[in-house]
Q: 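Okay, handing you the structure first.
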Amino acid sequence: MEPRAASRPISGERFCLLEVNMSTKEQYTDSFLYRLRHSTAHVMAQAVLDKFPGAKIAIGPAIEDGFYYDFDLPRPLTPEDLEEIEARMRQIINGKHPFIRRSVSASEARQIFKNQDFKLELIQGLESGGFDEDGNPLEGNVEITTYTHDTFTDLCRGPHVEHTGQINPEAFKLMSVAGAYWRGDEHRPMLQRIYGTVWENKEDLQEYLRRLEEAKKRDHRRLGRELDLFSVNDEIGPGLILWHPKGGKIRKIIEDFWGDEHEQNGYEFIYTPHIGRAALWETSGHLVSYRENMYSPIEIEGQQFYLKPMNCPFHIHIYKSRGRSYRELPMRLAEKGTVYRFERSGVLHGLMRVRGFTQDDAHHFCTPEQMPQEIDFVVNFSLHILRSFGFQDIKAYLATMPKDAIGEADQWQAAQNALKESLERIHLPYEVDEGGGAFYGPKIDLKVKDAIQREWQLSTIQFDFNLPERFDLTYIAEDGQQHRPYMIHRALLGSLERFFGVLIEHYGGAFPVWLAPVQASIIPIADRHLDYAFEVMKKLKAYGIRASVDDRNERMNAKIRDAQNQKIPYMLVIGDKEVENRQVALRLRSGENPGPIELDAFIARAQQDIADKK
RNA sequence: GCCCUCAUAGCUCAGUCGGUAGAGCACGUUCUUGGUAAGAACGGGGUCAUGGGUUCAAGUCCCAUUGAGGGCUCCA
C-alpha cells in the first residue's frame, strides 16, 4: 500500500545468504563447508542427547557461517551446559565415526524415531509430498533417508562429511542459545535453539570471530552514544528516537541534499498532518488490512482520529483536491512524512526498527503510457541518491504477483514487464522474487551492500492498483474522458532513521567529509594560540566548513586523541609556528600527517573533498 | 507477543556466604601552557530500574512490572 522499507527485516546480519541469493546458495549447499556444518549439527545433537537422554530433537540445518539445532529440553540451557556439550562434541569428533546413509521406508522411519515426536511429524510431511527448508513443495516421491554416526541417527537428506574426524575440534564454537518456535509457528511449542559456528580450520574460525567483533564496533547503537548522535529514552518510550545535535546536523545535510535533488527532478513538496479521521482509513482500507500496526484511535469531540501509519491517503487527497488533466501528469508529490506504527516490543532494534519514523516518501501519478518512463526515472534517480551516499554495490529484487493479488492479470503483467524492462535497460543486476509482490501491485526493492558486505534494503518502488480505485482517482485524457491514473509509491532512503543507522554502520562512524557533523577540529597548543585559532574558525565557517576550536584546558595530545575518537576528518593544530606563518598544521583521522599548510590551501582542499562527497 | 539472559554513578564494569556502595573513564576546581592518540592533584556524583514479599537485616533471595540484549514470530 506504500513504501515499507523502514519496517523490513534487518537483513544482512546472519541469514542474508540463505534468504536472497539462490545461485550462491546452491553453490554453498554443494560445498564441503556446508556438509561440515550440517555434520557438526548432528554431532552437537548427539552430545545434547547424551546429556539429556529424554530430549526431543527437531531440526538442525547448516546456515550462513554455521549451524543450529532445535531441542525440546527439560530445563533451560546455561553457558556451562554449552561448555560441557562442546567438550562432549570433541570426544565424538575424535572417535572418527563415519556418517552412514540409509534409505528407509516411512514405516521403518517411524520405528526408528518412535520417541521423537517432531521427527514423526516430519516423516508424515515427507510421505505426503514434502517441502524443502524454504517451504516449497518437492517434486515427485520423496526418498526418506537417515544418517547415522556413532550412536546418533537423524532423519536427514544429507549430504555429510565422511566421518566426524573431518571436523576440526579447534575450529568450532557454540555461540548462543535462543528460543525458536517449532516450524516457526508462534502457536506451536517454543524450543531451545543452539547456534554454533564451524570452519575448516582454526584460522578461519578466528577470522570469523574477528568479523563479529568488527561488526560490534560498527554497531550504530554503540556509535550513536559514543559520537553523541541519537538516543532512546525509557521515560519517553521504546522505539522513539531522539536525534541529538550531531545526529540532527547529519540529518539536515541528508534532507537538504535530498530536497535539492528532488527539486531538480520534477518533484513538488507537500506537507500533511499526522492524524486523520477513521473514515479516511476506512476508505484507504488500512483499518481492515493494516489495523494491527496502527495505534488506538484518539477521540476528538466524539469522533475518532488515527495516527498515520502511512502517508499515501493524504497525498492522494492532494491529487484529488481538484480535477486533473493528463497535461499535469506525471505528478510527483514528495514529503518527508513521519509515521507511527505499532511494532511488537521484541522486534525493536536501535534505529533499524522503530515505532515512529520519517519516510522519504513520494507518490507518482501518471498515465498508463507514461509508466515505463516513470519507472526508468525513479530507478535511476534512486541509484543516483544511494550512490551519492557511498553505496556502490546495489542489487534489485523484482517482486511479482502474489496469490491474493487484486487487479487484472494483464495489468499486473504490464506493470511487471515495465519494471523488468526498466531494470534491463539500466543494466542493474536483479533477481525475481516470484509471488513476492504486495497484493496491490508488483515492486522493485533495492538493496545495498555495506563496507563489510552486509546487505540492507533501502529503496522500494511499488505499483498500486488498489488505492486509485478506492479513492476513485481520475484524470481527463486527450479524449475528454475520465481515466484512472497509475500510482507509484516510492521511498529511496526508506526511512531517515533506518538510513541513518545503515550509514553509521557502513562508515563505522567515520562519515565522509560532506556528512561529518564536525569537519575540522582546531587544536591550539597553548592559550596564546587561541586568538588565531578562533580567527581560523571564523574564516572556515565563512567558507561553509564546519569547524570548532578545542579550547579545553587539555594538552594537545588529549585533544588529538578525542578528535580521533570522534572521527573528525581534519585536525588543525596551531602552535607558535602556525600563528607566525598564518598556517595550520593538518592531521587527518587516517593518521596521515600532511603538516603545515596555508589556510587557503586547506580551505581549497576541504571544499574539494566536500564537493567530491569524500 | 514468545523463549532465554540482563538491569549498580553520564559510560564500562566490580561488589565473596544476605550485614548498610567501589574502580576506571566522563564531569567540576586548581596547578600545569604542553608539537601529533590520555599531564597531575583534589572534588562532586548512586532511593543499587520500579513495586511487592521473605528476613533481625536485601544491591545480593523470591514474585510482579518496566526497559534492554540475543533469537523466534511478525512486518499483506
Side-chain angles (χ1 to χ4, degrees), chain A residues 1-2 4-10 13-15 68 70 72-73 75-79 81 175-195 216 219 221-222 225-226 228 231-239 285-286 288-293 309 341-350 352-353 399 402-406 435-441 443 457 462 466 521 523-530 552-566 571-578 585-589 591-596:
Chain A
M1 208 164 279
E2 67 94 56
R4 303 298 308 277
S7 55
R8 288 283 145 188
I10 296 143
E13 299 254 306
R14 200 158 193 167
F15 303 111
Y68 68 80
D70 288 347
D72 188 12
L73 299 173
R75 63 168 175 82
L77 290 166
T78 64
D81 291 331
M175 305 296 287
S176 61
V177 185
Y181 300 112
W182 167 235
R183 304 209 123 177
D185 182 342
E186 64 178 314
H187 303 296
R188 310 209 59 183
M190 175 68 73
L191 306 173
Q192 293 191 66
R193 173 171 297 177
I194 305 177
Y195 282 101
K216 217 169 153 184
D219 190 314
R221 294 165 300 182
R222 173 215 277 255
R225 185 177 57 241
E226 288 175 357
D228 200 12
S231 64
V232 182
N233 177 279
D234 275 8
E235 192 172 2
I236 293 168
H286 285 91
V288 174
S289 35
Y290 205 70
R291 180 167 222 135
E292 66 209 29
N293 285 288
R341 297 180 183 173
F342 171 70
E343 299 282 359
R344 302 216 261 180
S345 57
V347 307
L348 299 173
H349 181 88
M352 303 300 190
R353 190 86 179 262
K403 289 194 194 75
D404 62 347
I406 61 146
F439 76 88
Y440 50 81
K443 61 175 179 171
Q457 184 186 326
Q462 311 186 345
N466 183 42
S521 179
I523 299 174
I525 291 174
D527 289 350
R528 64 179 176 280
H529 309 123
L530 275 171
R552 293 174 304 161
N553 182 12
E554 286 291 349
R555 300 181 68 195
M556 178 200 65
N557 282 326
K559 295 179 185 180
I560 286 177
R561 181 183 145 86
D562 290 344
Q564 286 284 157
N565 286 336
Q566 288 294 305
M571 282 153 268
L572 305 178
V573 176
I574 288 174
D576 291 337
K577 279 180 285 186
E578 287 72 25
L586 177 62
R587 179 192 160 105
L588 307 177
R589 64 186 161 189
E592 273 177 274
N593 200 347

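Computation of the quantities below employed the complete heavy-atom set of this structure, encompassing side-chain atoms and omitting hydrogens, waters and symmetry-equivalent molecules. Bear in mind the structure is a predicted one, so any value in this text is a computation, not a measurement. Here is how names work: the chains are called A, B, and so on, in the same order as the sequence lines, proteins then strands, and each is numbered from 1.
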Q: Among B/G39, B/A68, B/C72, which nucleotide sits nearest the side chain of A/R555?
A: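 Of B/G39, B/A68, B/C72, B/G39 is nearest to the side chain of A/R555.
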
Q: Does the side chain of A/I525 come within less than 4.5 Å of A/I574's, by heavy atoms?
A: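 When only atoms from C-beta onward are counted, A/I525 and A/I574 do not touch, as no gap falls below 4.5 Å.
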
Q: Rounded to whole Å, please give me the gap between CZ in A/R222 and C1' in B/G10.
A: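 Interatomic distance, CZ of A/R222 to C1' of B/G10: 17 Å.
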
Q: Closer than 4.0 Å, any side-chain N/O of A/S345 to the OP1 or OP2 of B/G1?
A: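 For B/G1, OP1/OP2 do have a side-chain N/O of A/S345 under 4.0 Å.
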
Q: For side-chain contact (heavy atoms from CB on, under 4.5 Å), just list the numbers for A/D576 and A/R528, CA-CA rounded to whole Å, side-chain angles, deciding distance to a tenth of an Å, and then say yes or no.
A: CA-CA 9 Å; A/D576 291 337; A/R528 64 179 176 280; 2.9 Å; yes

Q: Just to be sure I understand the rule, does A/G184 reach a base, reach only the sugar-phosphate, or reach nothing, if contact means heavy atoms closer than 4.0 Å?
A: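 Sugar-phosphate, backbone atoms only, no base.
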
Q: Does any donor-acceptor pair link the side chain of A/D234 with the base of B/U66 at a separation under 3.5 Å?
A: no

Q: Any side-chain to backbone donor/acceptor pair from A/Q192 onto A/G179? Under 3.5 Å, distance only.
A: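 Between the backbone of A/G179 and the side chain of A/Q192 there is no qualifying donor-acceptor contact (under 3.5 Å).
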
Q: Taking CD from A/Q192 and P from B/G70, how many angstroms apart are they, rounded to a whole number?
A: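 So the two atoms are 19 Å apart, to the nearest Å.
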
Q: At under 4.0 Å between heavy atoms, what does A/N593 touch on the DNA or RNA strands: base, sugar-phosphate, or nothing?
A: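 Base, at least one base atom sits under 4.0 Å.
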
Q: Could you walk me through whether A/L572 and A/L586 satisfy the side-chain contact (heavy atoms from CB on, under 4.5 Å) test, starting with their C-alpha distance in whole Å, then the side-chain angles of each, then the deciding distance to 0.1 Å, before giving a yes or no?
A: CA-CA 5 Å; A/L572 305 178; A/L586 177 62; 3.6 Å; yes

Q: Rounded to whole Å, please give me the gap between CE in A/M175 and C1' in B/U5.
A: 16 Å

Q: Within the 4.0 Å heavy-atom criterion, would you say A/K559 contacts the bases, only the backbone, or no part of the nucleic acid?
A: nothing

Q: Once you apply a heavy-atom cut-off of 4.0 Å, does A/E578 come out as touching a base, just sugar-phosphate, or nothing?
A: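 Base contact.
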
Q: With P as the reference atom in both, quote the distance from B/G28 to B/A14 in angstrom, rounded to an integer.
A: 28 Å

Q: Checking the side chain of A/R341 only, and the main-chain atoms of A/P309 only, is there a donor and an acceptor separated by less than 3.5 Å?
A: yes

Q: Could one point to a donor on the side chain of A/D527 or the base of B/U33 with an acceptor on the other under 3.5 Å away?
A: yes

Q: Given the P atoms of B/U8 and B/G69, what is the spacing between them in whole Å?
A: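 Per the computed distance, 14 Å lies between those P atoms.
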
Q: Want to settle it: does A/L77 or A/E554 sit nearer the 5' end of RNA chain B, counting the closest nucleotide to each?
A: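 Going by which nucleotide is closer to the 5' end, it is A/L77.
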
Q: Between A/V573 and A/E578, what is the shortest heavy-atom contact and its length?
A: O-CG, 3.6 Å

Q: Taking only the P atom of each, what is the distance from B/A38 to B/C3 in whole angstrom?
A: 49 Å

Q: Separation of A/N565 atom CG from B/U12 atom P, in whole Å?
A: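 Distance check: A/N565 CG to B/U12 P gives 16 Å.
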
Q: Taking the side chain as every heavy atom from C-beta outward, state whether A/P594 and A/L588 have any pair of such atoms under 4.5 Å apart.
A: yes

Q: Give a yes or no answer on whether the side chain of A/K559 reaches the backbone of A/R552 with a donor-acceptor pair at less than 3.5 Å.
A: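 Such a contact is found between A/K559 side chain and A/R552 backbone.
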
Q: B/A37, OP1 or OP2 - any side-chain N/O from A/R589 closer than 4.0 Å?
A: no

Q: Using OP1 and OP2 only, check whether a side-chain N or O of A/R528 sits under 4.0 Å from B/G34.
A: yes

Q: Work out how far the P atom of B/G44 is from that of B/G22, and round it to whole angstrom.
A: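 Per the computed distance, 13 Å lies between those P atoms.
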
Q: Less than 4.5 Å apart, any side-chain heavy atom of A/Q564 and any of A/R589?
A: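 SC-SC contact between A/Q564 and A/R589 confirmed.
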
Q: Provide the distance between the two P atoms, one in B/C2 and one in B/A58, to the nearest whole Å.
A: 32 Å

Q: Using atom CG of A/N553 as one end and atom P of B/C31 as the other, report the distance to the nearest whole Å.
A: 9 Å

Q: Taking the side chain of A/Y195 as heavy atoms from C-beta outward, which of B/C4, B/U36, B/G71 is closest to it?
A: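 Closest of the options to the side chain of A/Y195: B/G71.
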
Q: Please report the shortest heavy-atom distance between A/D81 and A/P76, naming the atom on each side.
A: OD2-O, 4.0 Å

Q: A/A180 near the nucleic acid: base, sugar-phosphate alone, or nothing, with a heavy-atom cut-off under 4.0 Å?
A: sugar-phosphate

Q: What's the gap between B/C48 and B/C61 when it is taken at their C1' atoms, as a whole Å value?
A: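 The same atom, C1', in both gives a distance of 15 Å.
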
Q: Would you say the side chain of A/Y181 and the base of B/G1 hold a donor-acceptor pair, judged only by whether the two atoms sit under 3.5 Å apart?
A: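 When only heavy-atom distances are counted, A/Y181 does reach the base of B/G1 through a donor-acceptor pair under 3.5 Å.
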
Q: Given B/A68, B/C74, B/A38, which nucleotide is nearest the side-chain atoms of A/R344?
A: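 Comparing B/A68, B/C74, B/A38 against the side chain of A/R344, the answer is B/C74.
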
Q: Indicate, with a heavy-atom threshold strictly under 4.0 Å, whether A/A563 touches base, sugar-phosphate, or nothing.
A: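 Touches nothing.
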
Q: Between A/A178 and A/G591, name the one whose nearest nucleotide on RNA chain B is closer to the 5' end.
A: A/G591

Q: Select base, sugar-phosphate, or nothing to describe what A/R75 touches, counting heavy atoms under 4.0 Å on all strands.
A: nothing

Q: Please state whether the phosphate of B/G70, meaning OP1 or OP2, lies under 4.0 angstrom from any side-chain nitrogen or oxygen of A/R221.
A: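 Indeed, a polar side-chain atom of A/R221 lies that close.
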
Q: For nucleotides B/C17 and B/A40, find the distance between their C1' atoms and express it as a whole number of Å.
A: 41 Å

Q: I'd like the P distance from B/U47 over to B/G51, given in whole Å.
A: 12 Å

Q: Between B/G39, B/U36, B/A76, spot the one nearest the side chain of A/I560, thanks.
A: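 Nucleotide nearest to A/I560's side chain: B/U36.
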
Q: Quick one: which of B/G35, B/G34, B/A37 gets closest to the side chain of A/K577?
A: B/G35

Q: Within the 4.0 Å heavy-atom criterion, would you say A/D562 contacts the bases, only the backbone, or no part of the nucleic acid?
A: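 Touches nothing.
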
Q: Using Watson-Crick or G-U wobble pairs with both distances under 3.5 Å, give me RNA chain B in dot-bracket, 5' to 3', with [ ] for crossers and | for pairs to another strand.
A: (((((((..((((.....[..)))).(((((.......))))).....(((((..]....))))))))))))....

Q: Rounded to whole Å, please give me the gap between CG in A/L348 and P in B/U66.
A: 14 Å

Q: To the nearest Å, how far apart are A/N466 CG and B/A76 C1'?
A: 11 Å

Q: Less than 3.5 Å between a donor and an acceptor, one on the side chain of A/R561 and one on the base of B/U36, is that the case here?
A: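 In this structure, the two groups form no donor-acceptor pair.
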
Q: Out of B/G39, B/G70, B/A37, which has the shortest distance to the side chain of A/H349?
A: B/G70

Q: I'd like to know if A/R353 reaches the base of B/C74 with its side chain such that a donor and an acceptor end up less than 3.5 angstrom apart.
A: yes

Q: What is the distance, to the nearest angstrom, from the CE atom on A/M190 to the P atom on B/G70?
A: 16 Å

